[in-house]
Chemist: 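Have a look at this one before I ask anything.
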Amino acid sequence: SARNFEHASESYRKAVRKFPLLKDFFKEHSIYMLSWSEIEKARDNHKKQYYGHARHHFKKAAQLHGNLEHWKYLAPSYLAWAMVEYGEELSRKDRPEEASRAFDQAAYQFKKTAQSVKTHLPAIESLEEKTMATNILRGTDARFRYCLARINLEKGRLLDKKGDHASSARVYGAAVKLLKKIEGRLEYERDRREFRFLILVSQAWERMMKAETEASPSHYKQASEYFENAEECSSNQRSRMLVLGHCQFCKALEIGMRIANVMNKAEYLAAKKHLENASNHYVRARFQEASEYAKAQSFFLMRTGILTV
């Protein structure tokens, strides 16, 4: 844990005064332990989806590694993770253009990480460190590809906002292909589960864009099914409520598109219920903007229902 690394750092710092002839060795290890404390804090904040805090701690870890003689070659890796967290934070704030740039910078830093580790690897004598460096190098390609996929997802959102649904669908489709390739290479079930969630959500958005392009309610039906399946892979309550909200919203849009020309009272009421459910899920996910949008859609449907049913 972060606290254990902080205690270890303090012990090394005290050893500097006790053994002045070895002060460089102990000082280096003290900073290294402090850096790992920051990494643990970053990971903990990422799990809690506090991306801004996670970014701060990864950035601090990168700075501390940059001050080390022996482990300096790992600094680009933690700078890359800081940019990933920044991308996540911007994406959460619905700023896709800026998020895309952040993931692009993260991808660049992961490429630098691979070059840095490859250059340093032959000189590593410790088996433990060599194993760690090899694992980092092995995972760098997947992380680089993840950033490319996230760039596509953010571009998909941006194209959707601009009303270019056909291009948005294609970009979402490209992201799905990249994510599936990464998922197939993942070692741990926990990681595969997270990627399955992202894949299912991306497939759902791809279908939603196709529904808009082709005016096809069947695509909304498929999107709702993808969101419903994603709920089973959710890692936390907020994500679960969000995909359930999207699921209900797509069900309402499917019905709304199907009854656009011929209004059926039972289906109108069903669509209205789905929108109410969607709004409630969005509130529980602390996604107020989507909740208000769902309410607006419900009001629009209600006005249409009053006039035609």
Side-chain angles (χ1 to χ4, degrees), residues 2 34-68 71-117 136-137 139-162 168 171-172 174-175 178-179 182 186 190-191 194-195 197-199 201-202 205 234-236 238-239 242 285-290:
L34 198 59
S35 178
W36 267 99
S37 171
E38 294 296 332
I39 293 166
E40 287 298 311
K41 288 175 184 177
R43 289 173 174 173
D44 182 57
N45 277 284
H46 176 83
K47 287 178 184 176
K48 296 173 181 175
Q49 296 187 325
Y50 299 152
Y51 300 122
H53 295 305
R55 177 199 180 200
H56 168 77
H57 290 299
F58 272 131
K59 196 173 180 180
K60 189 72 183 293
Q63 290 170 346
L64 288 168
H65 268 79
N67 293 328
L68 296 170
W71 290 284
K72 186 180 292 186
Y73 70 98
L74 294 175
S77 175
Y78 302 114
L79 192 56
W81 278 115
M83 291 311 301
V84 168
E85 300 296 341
Y86 189 41
E88 298 283 5
E89 182 183 21
L90 290 168
S91 181
R92 171 72 66 81
K93 293 177 178 178
D94 196 26
R95 292 156 64 182
E97 193 167 4
E98 295 170 80
S100 179
R101 286 198 295 268
F103 284 118
D104 185 58
Q105 291 178 42
Y108 170 72
Q109 288 297 331
F110 279 126
K111 285 188 76 173
K112 281 188 67 175
T113 299
Q115 293 167 357
S116 180
V117 174
I136 289 173
L137 183 60
T140 298
D141 181 62
R143 291 160 188 159
F144 172 77
R145 290 176 183 273
Y146 171 76
C147 289
L148 296 184
R150 287 305 305 265
I151 290 168
N152 277 333
L153 292 179
E154 298 306 322
K155 285 181 177 178
R157 293 173 67 187
L158 192 60
L159 287 164
D160 175 27
K161 285 187 172 187
K162 292 178 178 179
S168 180
V171 172
Y172 277 123
L178 280 168
L179 291 169
I182 301 169
L186 294 175
R190 180 191 68 244
D191 295 332
E194 287 182 10
F195 266 78
F197 175 82
L198 191 54
I199 288 166
V201 169
S202 302
W205 281 107
S234 302
S235 59
N236 56 69
R238 187 179 189 277
S239 297
L242 199 54
R286 303 191 303 279
F287 198 20
Q288 194 61 39
E289 186 177 336

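Just so you know, these numbers use all the heavy atoms, side chains as well, and skip hydrogens, waters and symmetry mates.
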Chemist: Of the non-hydrogen atoms in S35 and A61, which two are nearest, and what is the gap between them?
Modeler: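 Closest approach of S35 to A61, heavy atoms only: OG-O, 3.3 Å.
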Chemist: Run the side chain to side chain contact (heavy atoms under 4.5 Å, CB included) check on L186 and F195 step by step: do they pass?
Modeler: CA-CA 9 Å; L186 294 175; F195 266 78; 3.5 Å; yes
Chemist: What are the two closest non-hydrogen atoms of S91 and E154, and how far apart are they?
Modeler: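 The pair with the smallest heavy-atom distance is OG-OE2, 2.7 Å.
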Chemist: Would you please test D94 and K161 for salt bridge (Lys or Arg N to Asp or Glu O under 4.0 Å) and show each step?
Modeler: CA-CA 11 Å; D94 196 26; K161 285 187 172 187; 3.1 Å; yes
Chemist: May I ask you to test the D104-C147 pair for a side-chain heavy-atom distance under 4.5 Å?
Modeler: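 Side-chain contact under 4.5 Å: no.
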Chemist: Check E85, R43, K41 against H57 for a side chain to side chain contact (heavy atoms under 4.5 Å, CB included) and give me the one that passes.
Modeler: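 Among the candidates, only K41 passes.
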Chemist: Identify the heavy atoms of T113 and T140 that sit nearest to each other, and give their distance.
Modeler: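 Of all heavy-atom pairs spanning T113 and T140, the closest is CG2-OG1, 4.0 Å.
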Chemist: Go through V117 and L74 one step at a time and tell me if the side chain to side chain contact (heavy atoms under 4.5 Å, CB included) criterion holds.
Modeler: CA-CA 7 Å; V117 174; L74 294 175; 4.3 Å; yes
Chemist: Please verify the inter-ring angle class for H65 with Y78; under 30° counts as parallel, over 60° as perpendicular, anything in between as tilted.
Modeler: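 Ring orientation of H65 relative to Y78: tilted.
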Chemist: How about R238 and Q49: do any of their side-chain heavy atoms sit closer than 4.5 Å?
Modeler: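 R238 vs Q49: side chains touch.
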Chemist: Walk me through whether R157 and S100 qualify under side chain to side chain donor-acceptor pair (under 3.5 Å).
Modeler: CA-CA 10 Å; R157 293 173 67 187; S100 179; over 6 Å; no
Chemist: Does any non-hydrogen side-chain atom of K111 lie less than 4.5 Å from one of F144?
Modeler: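 The answer is yes, as the side chains (C-beta and beyond) meet within the 4.5 Å cut-off.
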Chemist: So which atom in G156 and which in S168 form the shortest heavy-atom distance, rounded to 0.1 Å?
Modeler: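 Looking at all heavy atoms of both residues, the shortest contact is O-OG, 2.7 Å.
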Chemist: Measure across S202 and L153 and return the closest heavy-atom pair with its distance rounded to 0.1 Å.
Modeler: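 Answer, listing the atom of S202 first, then L153: OG-CD2, 3.2 Å.
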Chemist: Quick check, are the ring centers of F110 and W81 under 6.0 angstrom apart?
Modeler: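 Ring-ring flag for F110/W81: true, centres closer than 6.0 Å.
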Chemist: Check the pair S235, E194 against side chain to side chain donor-acceptor pair (under 3.5 Å), reporting the backbone distance first and the verdict last.
Modeler: CA-CA 7 Å; S235 59; E194 287 182 10; 5.7 Å; no
Chemist: Just do the salt bridge (Lys or Arg N to Asp or Glu O under 4.0 Å) check on E88 and R150 with the steps written out, would you?
Modeler: CA-CA 9 Å; E88 298 283 5; R150 287 305 305 265; 3.0 Å; yes
Chemist: Check A175 against A149 and note the closest heavy-atom contact, atom names and distance.
Modeler: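 So the two residues come closest at CB-O, 3.6 Å.
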